[in-house]
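Ligands are counted one by one from 1 in listed order, and the atoms in each one are counted from 1 as well. When a residue number appears, it is its place in the shown sequence, counting from 1.
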Amino acid sequence: MNIQNYINGSFQNPKSKEWIDNYNPSNGEVYSQIPNSSKADVEDAYNAAASAFKTWSNTTLIDRSRILIKISELLETNLQRFAEAESKDNGKPVSLAKSVDIPRSASNFRFFGNAITQFASESHESVGLNAINYTLRQPIGVVGCISPWNLPLYLFTWKIAPALAAGNCVVAKPSEVTPMTAYLLGEICNEAGLPKGVLNIVHGLGTTAGQAIIEHPNIKAISFTGGTATGAHIAKVAAPMFKKLSLELGGKNPNIIFGDCDYEDMLNTTVRSSFANQGQICLCGSRIFVESSIYDKFKSDFVEKVKQLKVGHPSNSETNIGALVSKPHLEKVKGYINIAKEENGTILCGGNEVVVEGYENGYYLEPTVIEVPTDECRVNQEEIFGPVVTIMPFQTEKKVLQMANKVKYGLSATLWTNNLKRTMRMSNELQAGIVWVNTWMMRDLRTPFGGVKASGVGREGGFEALRFFTEPKNVCIKY
Ligand code: NDP
């Protein structure tokens with residue numbers, strides 16, 4: 001099957017007539033081909049978006065909202081089909097795509113379809129000067145949205161929905177390794193009545209199709225989620241053109257567990273925050289720090305639970321851990337397990353590839369827990385982005401805070417304690433854009449989302465996203 005670009009409301013082959021193999025991670029087989037799009041395809045997408053902009057930006061908020069909510073409803077109607085496609089492309093369990101990825105993608109359209117109708121602008125009276133200011137929030141024009149492979153449709157729509165709601169037209173590129181649900185989204189957009197050219201989806205390599213988007217002089221804003229190195233590259237390319245940037249990048253998030261927490265809840269959530277989506281979520285708590293008073297008990301209970309996780313084919317309803325996204329990624333994660341051994345880490349469980357009967361060429365890996373001798377070792381500092389967590393004990397709040405903050409990243413942090421004062425102190429001090437206390441990955445779409453340090457700049461979510469996708473213009477009238 002061939003995936004096609006979605007440009008000006010129709011499905012098109014790449015101008016180069018070149019295609020890239022798309023693999024199914026659960027069996028290692030090529031199951032579709034995606035366009036190897038070039039600058040010429042991005043130019044077509046840009047032209048379609050630029051032509052659609054005048055009408056779309058002047059479409060009433062109620063009409064824009066109605067279309068976005070219709071897209072949301074159609075995603076819900078097509079839940080099973082989208083969940084199966086996401087799983088086949090990414091290797092995640094179908095059950096996870098069905099309960100999280102696709103429903104949250106639908107929520108993105110519903111939320112921003114509603115939020116735009118509540119997005120108020122400001123006015124300020126300059127008292128004593130006989131003047132009044134009002135601030136317009138105008139759409140930027142054509143914007144670029146580039147997303148990664150780990151939560152393909154969820155993160156793709158997390159950008160596209162607010163961009164469209166705010167009145168922009170979009171040129172978007174999903175990850176080359178997980179293009180399928182973005183492709184299917186084009187059909188849904190047509191069915192929902194999204195005018196042609198408002199959303200354009202170009203498939204292909206980051207270094208060609210992605211690069212053409214970030215280099216385009218008239219694509220004035222880029223919303224990017226992906227690796228820190230790619231984010232730095234985008235910032236460099238965009239800076240001379242003064243593009244507006246939102247960069248959501250990598251993470252190496254601490255999960256800090258104190259002895260006074262609700263133990264069972266913490267234990268079950270920690271298994272999930274370590275290994276959900278094969279550990280391929282930027283928010284996974286990949287560094288676990290446990291207060292020494294409960295360290296031995298936690299270590300044995302945690303390892304016991306992790307050993308019970310079932311690695312298997314993504315369509316098997318009993319599977320907890322599906323396949324990793326690609327062969328190179330599997331090799332990268334295995335490489336880190338070897339580094340851990342060289343650094344005197346102890347593999348408490350896992351560490352090996354798994355052969356799933358009938359799918360012998362799939363990219364399966366055991367969930368792996370590594371006890372590390374120091375927080376400074378590479379596996380504790382570098383983003384692995386797979387089913388691998390480190391654990392180590394700590395003695396004091398001061399010391400764990402120091403270790404938690406001593407990485408280049410600052411995306412999220414999780415804290416398990418029932419001590420209110422400690423919660424307040426630590427939440428203030430943790431260097432992260434998001435702090436979860438006694439929970440993990442609970443999301444309210446109204447809240448700001450993003451990281452500090454090498455985890456990115458800018459915030460998405462709620463009105464923050466609508467602010468990013470609009471330019472404020474102040475009008476001052478003297479009377
Ligand atoms: P990459 O940075 O490799 O790729 C992300 C996207 O950027 C892909 O669509 C990619 O295309 C594209 N891209 C690559 N090079 C360029 C370029 N020169 N110009 C424009 N676009 C380009 O990240 P991954 O896909 O490997 O995703 C994993 C990373 O994403 C992890 O570091 C993870 O932490 C991070 N992430 C961050 C999140 C957050 O919210 N902070 C959430 C989820 C993931 P292609 O696929 O073709 O290479």
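No donor-acceptor distance shorter than 3.5 angstrom exists from the side chain of Asn90 to the backbone of Leu151, with no hydrogens or angles considered. A donor-acceptor contact shorter than 3.5 Å links the side chain of Asn168 to the backbone of Ile140. At distances below 3.5 Å, at least one donor-acceptor pair connects side-chain atoms of Asn320 with backbone N or O atoms of Lys310. Between the side chain of Asn200 and the backbone N or O of Val170 there is at least one donor-acceptor pair closer than 3.5 Å. No donor-acceptor pair under 3.5 Å is formed between the side chain of Lys98 and the backbone N or O of Leu79. Between the side chain of Asn277 and the backbone N or O of Asn150, at least one donor-acceptor pair lies under 3.5 Å. Between the Lys408 side chain and the Glu382 main chain, no donor and acceptor come within less than 3.5 Å of each other.
For atom 34 (O) of ligand 1, the nearest protein heavy atom lies under 4.0 Å away.
Using a 4.0 Å cut-off between charged nitrogen and carboxylate oxygen, Glu86 and Lys92 do not count as a salt-bridge pair. Of the charged side-chain nitrogens involved, at least one lies within less than 4.0 Å of a carboxylate oxygen, so that Lys327 and Glu331 count as a salt-bridged pair. Salt bridge Glu343/Arg378: absent, no basic N to carboxylate O contact under 4.0 Å. A salt bridge between Lys220 and Glu471 is absent, with no side-chain N of the basic residue lying under 4.0 Å from a carboxylate O of the acidic one. One finds a salt bridge joining Glu187 and Arg81 here, because a Lys/Arg side-chain nitrogen approaches an Asp/Glu carboxylate oxygen to under 4.0 Å.
Of the protein's heavy atoms, Pro148 CB, 3.3 Å lies nearest to atom 27 (O) of ligand 1. Among all protein heavy atoms, the one lying closest to atom 12 (C) of ligand 1 is Ile146 CG2, 3.7 Å. For atom 41 (N) of ligand 1, the nearest non-hydrogen atom of the protein is Leu249 O, 2.6 Å. Nearest protein neighbour of atom 23 (O) of ligand 1, counting heavy atoms only, is Gly227 N, 3.3 Å. For atom 7 (O) of ligand 1, the nearest protein heavy atom (residue, atom name, distance) is Phe224 CE1, 3.1 Å. At the shortest separation from atom 42 (C) of ligand 1 among protein heavy atoms lies Cys282 SG, 2.6 Å. Regarding atom 40 (O) of ligand 1, its nearest protein heavy-atom neighbour is Phe449 CE2, 3.3 Å. Among protein heavy atoms, the minimum distance from atom 25 (O) of ligand 1 is reached at Trp149 CD1, 3.0 Å.
At a 4.0 Å heavy-atom cut-off, ligand 1 does not touch Val237 at all. Contacts of Ile213 with ligand 1, taken as heavy-atom pairs under 4.0 Å, are absent altogether.
Nearest to atom 15 (N) of ligand 1 by heavy-atom distance, out of Thr208, Leu247, Thr230, is Thr230. The heavy atom nearest to atom 45 (P) of ligand 1, considering only Gly433, Gly206, Gly450, Cys145, is found in Gly206. Which of Lys173, Glu383, Gln211 comes nearest to atom 31 (C) of ligand 1 through a heavy atom is settled by distance: it is Glu383. Considering Gly226, Ser147, Gly231 only, the shortest heavy-atom separation from atom 8 (C) of ligand 1 involves Ser147.
Taking the six-membered ring where tryptophan is involved, the planes of Phe463 and Phe119 are tilted, since the angle between them lies from 30° to 60°. The aromatic rings of His329 and Phe385 sit perpendicular, their planes meeting at an angle over 60°, well past the 30° parallel limit.
Close approach of ligand 1 to Pro174 (heavy-atom distance below 4.0 Å) involves ligand atoms 9 (O). In the vicinity of Glu248, heavy-atom distances shorter than 4.0 Å reach the ligand 1 atoms 37 (C), 39 (C), 40 (O), 41 (N). Distances below 4.0 Å separate heavy atoms of Asn150 from the following atoms of ligand 1: 43 (C), 44 (C). With ligand atoms numbered from 1 in the order given, ligand 1 contributes 41 (N) to contacts under 4.0 Å with heavy atoms of Leu411. Taking every non-hydrogen atom of Leu155 and a distance limit under 4.0 Å, the qualifying atoms of ligand 1 come out as 42 (C), 43 (C). Heavy-atom contacts of Leu205 reach the following atoms of ligand 1: 47 (O) (cutoff under 4.0 Å). Of all atoms in ligand 1, numbered sequentially from 1 with element shown, those under 4.0 Å from a heavy atom of His233 are 18 (N). When each atom of ligand 1 is checked for a heavy atom of Gly210 under 4.0 Å away, the hits are 19 (N), 20 (C), 21 (N).
Taking a 4.0 Å cut-off on heavy atoms, Gly204 registers as neighbouring ligand 1.
Exactly one of Tyr31, Trp149, Tyr183 qualifies for a side chain to side chain donor-acceptor pair (under 3.5 Å) with Asp89. That residue is Tyr31.
Any N or O atom pair closer than 3.5 Å counts here, and Ser175 shares at least one such pair with ligand 1.
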